[in-house]
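Just so it is clear, the structure is predicted and the values come from calculations on it, not from any experiment.
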Amino acid sequence: MRNLRTALLTVMATGLAVTALAQVPAAAAPAPAPVQPKFLSASRLPASHTPWTAGPVRQGVPAEGSVCTTGIAPAAGTRHRDFRTELDTNARQTITVAATTAQAKKLAADLRSALETCLDRLKEQESGLEGEAFYHGRIDVEEGLYSIDTSYPEVGSTDIGLFSVGRDGRAVTVVEWGQMGELDGAPLEGFRKTTRTAVAKLY
């Protein structure tokens, strides 16, 4: 009888322990990290006489360059990546993830406005600078493509830059391309395709 009571007490104690464990709420699973927008690879840039080399993805806004859009995008939520070739052709992609879609739309509009007024601002800052700026229209619903052709007649230098702004949800991207030369030597169609790819790859 004593052995039976001992066995029953053991079973009851085990049952209570199991019940107590069952009542302890399971720890909540950690929230998955937000998906970061993807950057272009070197192979997605317009064709060049020498291969493109892609730099690392860096946090924040670029420390230099991007003269047309400096100060527009916030450092928080922004990353960028630089590209180059052996023939002084360079490119950059910047991606900003805004807190809301409405903020992303405003950022894209501000960036487009900065590109539209860029040449006039450059002329005010640099004496002797000449140039032409063109808006080459929308690529899809959200993207716009711009070119800025600048020169210093006194020294005979000319530079051409291509710029585009695109958005997908809360992510806004700016793609820049530049080299020595003029607009008729710039890969407009290739850059248009690069911009489509940049926006499509965001998410």
Side-chain angles (χ1 to χ4, degrees), residues 31-46 54-83 90-125 131-150 160-178 183 186-203:
V35 177
Q36 291 279 15
K38 297 179 179 62
F39 279 80
L40 291 165
S41 61
S43 63
R44 298 293 190 174
L45 294 174
V57 174
R58 300 184 184 277
Q59 297 291 332
V61 295
E64 58 184 21
S66 301
V67 292
C68 288
T69 56
T70 295
I72 305 298
T78 297
R79 297 180 298 154
H80 66 277
R81 187 179 205 179
D82 289 335
F83 306 84
N90 54 75
R92 170 177 288 161
Q93 182 182 13
T94 305
I95 299 176
T96 302
V97 180
T100 66
T101 300
Q103 290 180 11
K105 288 181 177 179
K106 183 180 184 305
L107 175 59
D110 290 345
L111 288 165
R112 286 193 288 266
S113 178
L115 290 173
E116 289 167 359
T117 60
C118 183
L119 181 59
D120 290 337
R121 289 184 283 117
L122 290 176
K123 287 180 177 179
E124 291 176 357
Q125 297 168 9
E132 292 181 305
F134 297 98
Y135 171 57
H136 298 276
R138 290 182 175 180
I139 298 173
D140 288 319
V141 175
E142 293 287 347
E143 297 85 56
L145 193 156
Y146 306 81
S147 68
I148 299 177
D149 196 343
T150 58
I160 178 64
L162 302 179
F163 308 85
S164 62
V165 178
R167 183 184 68 84
D168 184 357
R170 295 188 297 116
V172 179
T173 186
V174 176
V175 183
E176 306 168 62
W177 174 98
L183 180 59
L188 269 177
E189 288 308 310
F191 188 75
R192 196 182 301 273
K193 182 178 179 180
T194 294
T195 298
R196 287 196 185 99
T197 302
V199 176
K201 282 175 64 67
L202 287 174
Y203 291 113

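- Not one N or O on the side chain of S66 forms a donor-acceptor pair closer than 3.5 Å with the backbone of T69.
- The heavy-atom pair separating S147 from H136 by the smallest distance is OG-NE2, 2.8 Å.
- Checking side-chain atoms of D82 against main-chain N and O of G55 turns up no donor-acceptor pair under 3.5 Å.
- Enclosure of atom NZ in K123 by more than 12 non-hydrogen atoms of other residues, nucleotides or ligands within 6.0 angstrom is indicated.
- With hydrogens and angles disregarded, no donor-acceptor distance shorter than 3.5 Å links the side chain of S113 to the backbone of A109.
- In this structure, T150 and I148 approach most closely via the heavy-atom pair CG2-CG2, 3.8 Å.
- Checked by atom type and distance alone, the side chain of R121 pairs as donor or acceptor with a backbone atom of A114 at under 3.5 Å.
- Every side chain to side chain donor-acceptor pair (under 3.5 Å) that S43 has, sequence neighbours left out, goes to S41.
- Judged by distance alone, the side chain of R192 and the main-chain N or O of T194 form no donor-acceptor pair under 3.5 Å.
- Residues satisfying the salt bridge (charged side-chain N to carboxylate O under 4.0 Å, His left out) criterion with E124, sequence neighbours excluded, are absent altogether.
- Interatomic distance, CZ of R44 versus CD of Q93, reported as 12.0 Å (0.5 Å rounding).
- Side-chain atoms of R81 come within 3.5 Å of backbone atoms of L40 as a donor-acceptor pair (strictly under, hydrogens ignored).
- Crowding of K105 atom NZ: a count of heavy atoms from other residues, nucleotides or ligands under 6.0 Å not exceeding 12.
- Panel note: side chain R170, backbone A98; a donor-acceptor pair is recorded below 3.5 Å.
- Checked by atom type and distance alone, the side chain of T78 never pairs as donor or acceptor with a backbone atom of G60 at under 3.5 Å.
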